[in-house]
There are 2 protein chains.
Amino acid sequence: MSEGRAIPEATVARLAVYLRVLGGLAGTGLGTISSEALASAAGVNSAKLRKDLSYLGSFGTRGVGYEVEVLQERISTALGVSEHRAVVLVGVGNLGLALAGYGGFRNRGFDIAGLFDSDARRIGQRIAEILVRPMSDLPAVVRRESVSIGVIATPAEAAQAVCDQLVAAGVTSILNFAPAVLVVPENVDVRKVDLAVELQILSFHEQRKSAGLKVVL
Amino acid sequence: MSEGRAIPEATVARLAVYLRVLGGLAGTGLGTISSEALASAAGVNSAKLRKDLSYLGSFGTRGVGYEVEVLQERISTALGVSEHRAVVLVGVGNLGLALAGYGGFRNRGFDIAGLFDSDARRIGQRIAEILVRPMSDLPAVVRRESVSIGVIATPAEAAQAVCDQLVAAGVTSILNFAPAVLVVPENVDVRKVDLAVELQILSFHEQRKSAGLKVVL
DNA sequence: TAGATTGTTAATCGATTAACAATC
DNA sequence: TAGATTGTTAATCGATTAACAATC
């Protein structure tokens with residue numbers, strides 16, 4: 001059953017960052033990179049970077065560093081970026097448009113298998129070459145493309161109903177951008193992205209700083 | 001100098017969630033709520049909720065629960081939601097439009113003091129009643145409105161230049177939505193929101209689940 | 001060999017959780 | 001008083017970090 005050690009979530013998030021930084025390095029002709037250099041480019045300390053990489057095995061060269069290509073390969077494989085994964089995106093408002101056009105998804109191996117909206121005026125449009133479909137098409141697309149991940153970018157009021165439809169269609173992981181708390185069955189994994197919470201946290205620290213209070217990061 | 005204990009970042013994030021859930025309860029005429037009830041509505045366990053609230057003092061009633069209004073008041077005050085904070089938003093593409101129109105900001109006490117873009121066609125437009133200005137207006141707006149927080153919603157290529165301009169104008173906290181790692185002076189706090197990393201993490205767990213491996217959450 | 005850098009250990013730190021005394 | 005629920009303690013767990021032996 002269990003191969004390799006489990007990788008902590010915090011590490012998974014950073015691995016994705018390292019991969020992007022390495023991508024930015026492509027074309028510099030740099031064949032090898034030290035943990036110190038990569039860490040500083042990614043904004044973490046080198047001990048943490050080495051610890052993170054150690055979850056993927058040991059494939060650096062002491063006294064030298066890591067081969068950039070090997071590093072990219074290992075991280076990509078671990079994250080599963082090499083395989084394509086189909087996702088469906090529901091809600092084609094401003095945020096939905098931003099997400100559909102966002103290159104970061106495709107770069108990380110995510111293909112948008114379908115865009116869905118309840119607004120008849122949207123249906124039939126093409127966004128970034130992807131057709132906007134009615135919600136009634138959802139079950140068929142999810143089945144046909146073996147979609148297991150759904151992204152919700154609707155207004156808060158619609159989010160729970162959309163979530164239910166996604167679950168009914170067979171989606172088991174949901175990324176929720178709507179400002180609503182979703183109720184799902186046990187076997188479904190929901191993750192919430194709250195654009196405002198990030199701003200809130202930033203602002204909180206800002207206030208603490210100016211108040212001269214100790215700030216815990 | 002130091003009043004009250006420092007509140008952990010994870011707690012700050014959850015406090016914002018509790019506040020939203022409490023807001024959703026308004027109008028139900030519920031005068032009081034137990035940690036158990038609020039926790040389940042917010043999707044956390046009650047021990048964590050009580051621990052979180054304990055950073056704000058002790059103001060519940062044993063055997064009864066918390067008065068909803070008192071709770072809202074305490075959390076709002078701690079998070080500084082009661083005061084208005086001016087932010088500037090740079091980049092009025094799809095994501096920028098989504099953020100400008102996103103009610104969550106205003107609800108949490110953030111006023112967008114200015115929208116900025118480098119595209120002449122955007123300048124002069126009004127989005128959610130806010131005027132889109134040229135970058136040359138940035139320093140004046142930041143000074144006039146005492147803005148300390150900037151939000152970057154530009155393409156990756158433009159992000160660092162915009163960041164430099166924000167810092168030069170006097171902004172000390174930056175929320176970065178662009179897929180780029182930013183370099184800033186020591187005294188500036190940058191926080192990155194990577195829409196794709198969230199999807200990546202979700203997908204990673206999805207793969208692990210289907211591979212029958214142990215997943216660490 | 002001398003210098004550099006990895007991979008890993010062990011210490012530290014912070015966050016979560018269960019449990020329960022306090023108390024309404 | 002009996003039942004309920006808070007607030008806090010202490011145990012546990014996981015993540016970060018410094019330090020250094022291994023080794024290129």
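These numbers come from a predicted model, not from an experiment. Side-chain atoms are counted along with the backbone in the values below, which use heavy atoms only and exclude waters and symmetry mates. Chain A is the first sequence line, chain B the second, and so forth, proteins listed ahead of strands; every chain is numbered from 1.
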Worksheet entry | Heavy-atom pair of closest approach, residues B:Ile33 and B:Ala37 | CG1-CB, 3.8 Å

Worksheet item: Backbone N or O of B:Ile7 within a donor-acceptor pair of the B:Thr11 side chain at under 3.5 Å?
Response: no

Worksheet item: Is there a donor-acceptor contact under 3.5 Å from the side chain of A:Asn176 to the main chain of A:Ala180?
Response: yes

Worksheet entry | d(CD, B:Glu9; C1', D:dA15) in whole Å | 14 Å

Worksheet item: To the nearest angstrom, how far is A:Glu36 atom CD from C:dG7 atom P?
Response: 15 Å

Worksheet item: For residues 62-77 of chain B, which residues have at least one heavy atom under 4.0 Å from DNA chain D?
Response: B:Arg62, B:Gly63, B:Val64, B:Gly65, B:Tyr66

Worksheet item: What integer distance in Å separates B:Lys51:NZ from D:dA11:P?
Response: 14 Å

Discussion item. Once salt bridge (charged side-chain N to carboxylate O under 4.0 Å, His left out) is applied, do any residues pair with B:Asp52, and if so which ones, sequence neighbours excluded?
Written reply: B:Arg14

Discussion item. I'd like to know if the side chain of B:Thr61 and the backbone of B:Val64 have a donor-acceptor N/O pair within less than 3.5 Å.
Written reply: no

Discussion item. Between C1' on C:dG14 and CZ on B:Arg14, what's the gap in Å once rounded to a whole number?
Written reply: 12 Å

Worksheet item: From D:dT8, C:dA15, D:dA15, pick the nucleotide closest to the side chain of B:Arg50?
Response: D:dT8

Worksheet item: What integer distance in Å separates B:Asp52:CG from D:dG7:P?
Response: 13 Å

Worksheet item: For B:Ala113, does its backbone N or O pair with a side-chain atom of B:Asp111 as donor and acceptor, under 3.5 Å?
Response: no

Worksheet item: To the nearest 0.5 Å, what is the distance between CZ (B:Arg85) and CD (B:Glu83)?
Response: 7.5 Å

Worksheet item: Atom CG of B:Leu49 to atom P of C:dA18: distance rounded to whole Å?
Response: 14 Å

Response to the item:
Out of D:dT5, D:dT17, C:dT16, minimum distance to the side chain of A:Lys48 belongs to D:dT17

Discussion item. Less than 4.0 angstrom from a charged side-chain N to a carboxylate O is my criterion; do B:Glu9 and B:Arg191 meet it?
Written reply: yes

Fill in: OP1 or OP2 of D:dT6 under 4.0 Å from side-chain N/O of B:Ser58
no

Item to complete: Round to a whole Å and report the spacing from OH of A:Tyr55 to C1' of C:dT8.
Response: 11 Å

Worksheet item: Atom CZ of A:Phe110 and atom CG of B:Leu199: how far apart are they, to the nearest 0.5 Å?
Response: 4.0 Å

Discussion item. Let's test your reading of the pairing rules: Watson-Crick or G-U wobble, both distances under 3.5 Å, then write DNA chain D as a dot-bracket string with ( ), [ ], | and dots.
Written reply: ..||||||||||||||||||||||

Fill in: Contact nearer the 5' end of DNA chain D, comparing A:Ala47 with B:Ser35
B:Ser35

Discussion item. With a cut-off of less than 4.0 Å, is there a side-chain N or O of A:Thr61 near OP1 or OP2 of C:dT6?
Written reply: no

Worksheet item: Rounding to a whole Å, what distance do you find between A:Leu53:CG and C:dT8:P?
Response: 11 Å

